[in-house]
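Chain identifiers are assigned alphabetically (A, B, ...) following the order of the sequence lines, protein sequences preceding nucleic acid strands; residue numbering begins at 1 within each chain. Hydrogens, waters and symmetry mates play no part in the numbers below; they use all other heavy atoms, side chains included.
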Amino acid sequence: MSTQAFVDGEGLPVTTGDTDRGAMDRADQALVEAAQAGSPEAFGELARRYHANVHGIVYRMCGADEAPDLTQEIFLRALRALRKFQFHGDASFRTWLYRIAVNACINELRRRKRRSDVEGPSLDEDIVTDDGTVSRSVPDESRSPHVLAERSEIQRAVHAIVATLTPKHRAALTLVDLEQLDYEEAALVLECPLGTLKSRLARARRQFAEKWQLYEEGKLSPESERGPRTVSDEEIGRLR
Amino acid sequence: MKHPGAALEAQLSAMLDGELSAEEAAAVEGHLSSCAQCRGVLAELRGARELLEAMPPVAPPPDLLAAIKRDAATEMARGESVVSVFWLRWRAPVAGLAAAAAVMLAVLAPWQSGDRGSDPAVCIVPGHQPLVAEQAQPVAGEIAATESETIIAEVTRAPEAGAAMSGVSRGSRAARPSARGRRVVREEAAAGEAETSAPVSAEVEPVLAFAPQNAERASARAAGPVFAEARPVMVASRTTIDEDAELEPVGPSPVEAELATGIVARMVLDKYIGEHLVQSSSNMLAVVTETPSAELGTMLADDDDASFGLCFTDAMRRALTETENRLP
């Protein structure tokens with residue numbers, strides 16, 4: 001499949017919704033260069049292309065509550081760092097942007113863990129352990145569009161179990177299985193060797209599968225219609 | 001094959017994604033045919049993968065994109081504003097630096113050669129008027145401040161200018177001109193001629209690196225329209241010397257001198273001197289010439305804006321002041 005790049009009325013390169021990586025990268029490059037030269041429209045087009053993916057990564061890794069604000073922050077960080085971005089070798093704008101997103105998510109999870117270590121867990125805050133993060137209770141987000149779009153029990157359970165994985169395992173799973181990146185690109189995003197990516201992904205899948213088994217056996221279940229997951233302390237102990 | 005282990009688990013997982021080579025896949029399949037435990041692990045992995053891949057994409061909030069664009073527009077507008085401020089603030093100083101450097105090097109170099117009477121000299125002519133400058137008196141001692149020496153010494157590392165400036169950098173009296181009374185530097189080339197010279201381009205190294213014989217070329221560059229726009233026209237032109245004429249001390253305006261000094265001070269403080277001086281100065285001058293504002297912002301963003309104008313030191317100011325005082 002190929003991408004036919006054309007130029008819109010504002011002189012910005014536009015693609016026609018395809019998946020050809022090379023063409024996408026070339027179109028991205030033109031947009032990045034325009035944005036580096038000071039075009040807000042070019043950066044807006046880049047945001048249009050990738051904001052849903054970035055939001056998806058953040059949603060999977062940090063949860064629904066943080067996703068919109070953190071996504072905004074990620075794009076702002078990207079904009080501020082854009083002047084240093086250069087296309088070379090395997091570096092693509094998408095990879096670079098996803099790396100910013102994943103790092104921001106990992107930092108956010110670490111921040112939560114530090115806060116949790118200092119203050120102790122609050123009643124409505126995720127429990128972050130060395131083995132991953134567990135949502136203790138979830139604020140009411142039943143009216144959020146993105147929650148409405150993902151309210152089937154299975155989907156909520158999948159999301160909840162992903163949220164129990166360690167940040168690095170969660171990132172590997174999110175990029176490959178949820179965002180459909182190939183191994184090479186996922187490894188670039190995570191800045192790790194291909195072999196490490198394979199190991200992380202396999203380990204994440206195994207852990208997910210084991211916890212899914214618990215869910216299917218009724219030992220782990222979303223208890224509330226309001227959120228993706230609530231797990232009791234007892235269940236956390238069993239999961240360990 | 002190691003079993004059960006992380007390596008095998010990784011290979012089983014990668015096989016599901018078609019990420020194994022043919023040889024690796026064949027080896028794994030061979031193992032699976034005889035290992036029920038690994039077949040169970042593979043089934044687990046496959047189930048997990050299928051569940052995850054079946055997840056629908058998360059729909060972002062409908063107003064998210066607009067918020068990102070709004071943030072970006074605000075940020076870029078803020079950045080553009082900063083660039084504009086920088087542009088207005090430093091365009092003239094950079095022009096001043098270029099002119100001051102051209103004068104300093106072009107004028108001091110002939111002194112070192114001991115052939116100042118016959119070699120053409122260069123002067124700055126503010127506002128197209130002939131520059132009449134007071135001949136420097138012989139220097140009684142070293143350039144006072146250690147910092148001053150440092151500056152000059154470092155400046156001399158610039159290609160081509162090094163040999164000419166080395167005597168000054170060491171404060172060597174023998175290398176300096178003796179007192180010869182007063183002389184008039186009379187403009188020979190018309191200011192208008194210099195004004196119509198080629199526009200200053202991004203290739204600006206010669207401005208700071210020219211040797212005496214390059215003075216005219218460098219002067220022509222320094223006299224380009226961009227500099228004329230940046231500050232009252234700074235014209236350096238080829239001159240002859242009349243030793244009997246009256247002197248009138250003229251040089252870069254105090255504002256220009258101070259600003260130029262500031263930029264030199266900045267370069268020194270940032271260790272942009274020595275072999276980096278020419279390149280660094282080129283970058284600065286490229287700003288003055290034709291660098292787009294966004295690129296300018298990119299360049300200047302590497303600098304600490306807050307400290308950019310705060311790098312004057314008395315010693316550095318004294319260094320250039322003393323140098324300027326020696327200009328004919």
Side-chain angles (χ1 to χ4, degrees), chain A residues 35-41 43-44 47-48 51-56 59-60 64 67-68 71-73 75-76 79-80 83-84 144-146 148-150 154-155 157-159 162 173-174 176-180 182-184 194-195 198-210 212-213, chain B residues 4-20 40-80 83 292-302:
Chain A
Q36 286 172 330
S39 167
E41 294 81 10
F43 189 80
R48 187 193 65 74
H51 79 287
N53 301 83
V54 170
H55 175 266
Y59 183 99
R60 306 295 186 193
T71 301
Q72 266 184 265
E73 188 180 327
F75 274 94
L76 203 51
L79 175 61
R80 287 170 179 162
R83 62 190 171 81
K84 293 179 180 172
S144 305
H146 49 280
L148 291 173
E150 195 191 20
I154 289 179
Q155 288 170 1
V158 168
H159 179 56
V162 169
L173 211 61
T174 298
V176 175
D177 285 337
L178 297 170
E179 291 300 322
Q180 314 291 316
D182 61 32
Y183 281 25
E184 187 179 357
L194 204 55
K198 286 181 182 176
S199 298
R200 280 188 198 169
L201 180 62
R203 192 69 206 134
R205 284 173 171 170
R206 282 296 302 278
Q207 289 183 354
F208 177 89
E210 290 166 0
W212 184 259
Q213 183 70 28
Chain B
L8 177 57
E9 190 177 75
Q11 284 198 313
L12 291 170
S13 175
M15 191 172 72
L16 292 172
D17 297 317
E19 295 274 356
L20 291 184
V41 171
L42 182 64
E44 273 187 13
L45 291 168
R46 182 181 287 116
R49 180 174 177 271
E50 288 173 353
L51 270 171
L52 291 162
E53 288 191 343
M55 290 287 282
V58 179
D63 58 347
L64 178 60
L65 179 58
I68 292 169
K69 287 182 174 179
R70 191 167 53 246
D71 284 352
T74 303
E75 179 74 9
M76 293 177 100
R78 193 172 68 85
E80 188 62 33
V83 166
S293 60
E295 196 174 336
L296 169 67
T298 295
M299 186 191 315
L300 292 181
D302 286 329

Rounded distance (nearest 0.5 Å) linking atom [atom1] of [X] with atom [atom2] of [Y]:
X: B:L64; Y: A:H51; atom1: CG; atom2: NE2; answer: 5.5 Å
X: B:L52; Y: A:E179; atom1: CG; atom2: CD; answer: 12.0 Å
X: B:D17; Y: A:R205; atom1: CG; atom2: CZ; answer: 4.0 Å
X: A:E73; Y: B:D71; atom1: CD; atom2: CG; answer: 10.0 Å
X: A:Q155; Y: B:L51; atom1: CD; atom2: CG; answer: 10.5 Å

Heavy-atom closest contact ([X] atom, [Y] atom, distance):
X: B:E44; Y: A:A209; value: O-CB, 3.7 Å
X: A:G56; Y: B:V58; value: CA-CB, 4.4 Å
X: B:S13; Y: A:Y183; value: O-OH, 3.6 Å
X: A:G44; Y: B:L65; value: O-CD1, 4.3 Å
X: B:A10; Y: A:A202; value: CA-CB, 3.5 Å

Quick check for you: among A:R200, A:Q72, A:R203, which has the greatest number of heavy-atom pairs under 4.5 Å with chain B?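 Most heavy-atom pairs within the cutoff with chain B belong to A:Q72.
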
Hey, does the side chain of B:E75 reach the backbone of A:L79 with a donor-acceptor pair shorter than 3.5 angstrom?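 Absent.
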
Does the A:R206 side chain pair with the main chain of B:E9, one donor and one acceptor, at a distance under 3.5 Å?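 The answer is no, because no donor-acceptor pair under 3.5 Å joins these two groups.
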
Under 4.5 Å from any heavy atom of chain B - which part of [X]:
X: A:R80; result: side chain
X: A:L194; result: neither
X: A:Q180; result: side chain
X: A:D182; result: both

Do B:R49 and A:V176 have side-chain heavy atoms sitting under 4.5 Å apart?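 No. Closest side-chain heavy atoms not under 4.5 Å.
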
Tell me, which pairs form a side chain to side chain donor-acceptor pair (under 3.5 Å) where one or both residues lie in residues 60-70 of chain B, sequence neighbours left out?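 Passing the test, one end in residues 60-70 of chain B: no pairs.
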
Side chain to side chain contact (heavy atoms under 4.5 Å, CB included) partners for A:A52, two or more places apart: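 A:A52: side chain to side chain contact (heavy atoms under 4.5 Å, CB included) contacts with B:P60.
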
